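Quick note on labels: first sequence line is chain A, next is B, and so on, each numbered from 1. Just so you know, these numbers come straight off a predicted model, no measurement behind them.
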Amino acid sequence: MPKISKDFILTGRRMLPSGSCLMTFVTADGSELPEIAPGQFVEIKIDDVPSAMLRRPISVCDVRYGTELILFVKPLGQGTHHLVSMPEGKKVNIVVPLGHGFTVGDCKGQRCLLAGGGVGAAPLVYLTRALKQAGATVAVVLGGRSASDVEGVNSLYEAADAVVVSTDDGSAGSKGVVTLNPIFNGQWDRIYCCGPTPMMKAVARIARDKSTWCEVSLENHMACGLGACLCCVEHTDDHGNVCVCTEGPVFNIKRLESWMEK
Amino acid sequence: MDGKINLSVDLGAGLKLANPVLTASGTFGFGHEYSDFIDLNRLGGFIVKGTTLEPRQGNPSPRMAETPSGMINAVGLQNKGVDYFIENIYPTLTDFDSEVIVNVSGAKLDDYVAVAEKLSPLDKIHAIEVNISCPNVKAGGMAFGTTTAGASEVTSAIRKAWPRHLMVKLSPNVTDITEIALAVEGAGADSVSLINTLLAMDIDVERRRPRISTITGGLSGPCVRPIAVRMVWQVAKKVGIPVVGLGGICNADDALQFIMAGATAVQIGTANFIDPTTTIKVIDGLEDYCRRHNISDINELKGII
């Protein structure tokens, strides 16, 4: 699928209790979006912020009607703060679609567990719909520090067969980290994971120990997003250092034995 | 101005470009990474990423830190080696109208020479750019580029092994870059390109750690441009061979600064990461500038300062 660099218009924004913002973009020229796979990401150019020279990589939360690109952005630095405070109608340049997404393939009847943490869970929204459409059974487990991290997020997963929550302080759902959620005791054919690195490593180790197929989405620091600068590399067991932006961000954990132990 | 504007430039020793815009090594992969966004045939040429004798895994992560109007990188010349390039990459690069220039790096003298020898039968490669200025490899690299003796020695050795255009990329991390430029000219270089990245450092004060794994790395981006323009101006005044200018070029005005300072051609580097269509915008912008200022040949602007 060819990549494009295009101007988009922000047409909708919704702040969630966690401080993250759900943002909807459409192309400025009214054209349809290119084909985008769940787990792929975009690079947004932040104008007017000298400290944010490089584009910001943001994973695709959802794609609607072939025209609406939905991103879930957490303000972490000056670039993303500027992004979430943009008014509707603002124009931004976006490079899309980037990277190698989650495997959906032939998943009819497969039992899929999607584990997400915080804002990192965003791509699981689109993945849930894609897996359901392909005939899989989908359960989602979302983790956060407290209730406000997951408030308003559950509803994004309306396509899932089940959504459960874990919070560190027990203010919503099960108390404790995601991997302590009883849902992990179930039988799963596939586990998909997206979130903070320690959480992904913990989920990956569980999957490995149970010999369950598992994919994780890495978030290494990036510059170009195109495989040119070689800044975002991760060590894989089969091919050494590879670009997360082009070979990933989604990897099967079979390739990441050393990452899991790091 | 209605007539056709000449953007073509001649870097000598058989290296003619349809326009002065090249891409900087390490910022443009092997070209294909950008083919969804631009027509690679429109470039004056592209300089593919640094190639070494043996494959290199590069430095550990993190390799990059963003700084005000710039970035520090410490990739460490990750590449699959010259044999892989010859077998797998070169055949994909032979059909372009643009010149394809291979950037050559090494840890020791013999490595540079061996890479140049292996590349010499590839007749579509009309030029190599020798990197004697990489700040991110422990041995060699910048060590050659920071003394006149070292720069002269490596240039002479490669000159014997490489029959076509020889461009040498200079380090700005020296007291007087003109001395190094004169040394490589004396040793047989056909052109010099400058500047490579500036040795730099950034610290995360909350975590009390350097932001990149190698502690220091190479600074690039718009923040280095005024330094680069100054160095190109100084070097162009001293040497007789063509100068290729680079350092923070983001648009046609930036490129024109280098040309007016004495550069025959320019390279676009970090800006490729920000806008993958920068190169084409610069080419179009140069033509537009010439049209607005009634200039029929871009070479008229070279070294006017």
Item to check | Side-chain H-bond candidate by donor/acceptor type, B:T270 with B:S220, under 3.5 Å | outcome: yes

Next on the checklist: Quick check for you: among A:C232, A:A228, A:P2, which has the greatest number of heavy-atom pairs under 4.5 Å with chain B?
Outcome noted: A:A228

Item to check | B:D111 vs B:T52, side chain to side chain contact (heavy atoms under 4.5 Å, CB included): CA-CA, chis, key distance, verdict | outcome: CA-CA 7 Å; B:D111 292 356; B:T52 54; over 6 Å; no

Item to check | Part of B:S61 lying under 4.5 Å from any heavy atom of chain A | outcome: side chain

Checklist entry - Given a strict heavy-atom distance threshold of 4.5 Å, which part of B:F30 is in contact with chain A: side chain, backbone, both, or neither? => result neither

Checklist entry - By a 4.5 Å heavy-atom criterion (distance strictly below it), what part of B:P62 contacts chain A: side chain, backbone, both, or neither? => result neither

Item to check | Options A:C224, A:G240, A:G225, ranked by heavy-atom pairs under 4.5 Å with chain B, top entry | outcome: A:C224

Next on the checklist: If only side-chain N and O atoms count, and only distance matters, is there a donor-acceptor pair under 3.5 Å linking B:D39 with B:N41?
Outcome noted: yes

Next on the checklist: Please determine whether the number of non-hydrogen atoms from other residues, nucleotides or ligands lying under 6.0 Å from atom CD of A:E35 exceeds 12.
Outcome noted: no

Next on the checklist: What part of A:V95 gets within 4.5 angstrom of chain B, counting heavy atoms only: side chain, backbone, both, or neither?
Outcome noted: side chain

Item to check | Option from B:L77, B:V75, B:N59 for which side-chain contact (heavy atoms from CB on, under 4.5 Å) with A:L230 holds | outcome: B:V75

Checklist entry - OG1/A:T24 to CG/A:L10 distance, rounded to the nearest 0.5 angstrom? => result 7.5 Å

Checklist entry - Non-hydrogen atoms of chain A under 4.5 Å away: do they reach the side chain of B:S35, the backbone, both or neither? => result neither

Item to check | Audit row: B:N103, B:I128, side chain to side chain contact (heavy atoms under 4.5 Å, CB included) steps and yes/no | outcome: CA-CA 6 Å; B:N103 180 282; B:I128 58 172; over 6 Å; no

Checklist entry - Which one, B:M64, B:M71, B:E33, leads in non-hydrogen pairs under 4.5 Å with chain A? => result B:M64

Checklist entry - Using non-hydrogen atoms only, which part of A:S5 is less than 4.5 Å away from chain B: side chain, backbone, both, or neither? => result both

Checklist entry - For chain B, which of A:I4, A:N220, A:T246 has the most heavy-atom pairs under 4.5 Å? => result A:I4

Item to check | Engaged part of A:K45 at the chain B interface, taking heavy atoms whose separation is under 4.5 Å | outcome: side chain

Checklist outcome for this item: In terms of heavy-atom pairs under 4.5 Å with chain B, the winner among A:G227, A:A52, A:C229, A:S51 is A:C229

Checklist entry - How are the rings of A:Y192 and A:F102 set relative to one another: parallel (under 30°), tilted (30 to 60°) or perpendicular (over 60°)? => result perpendicular

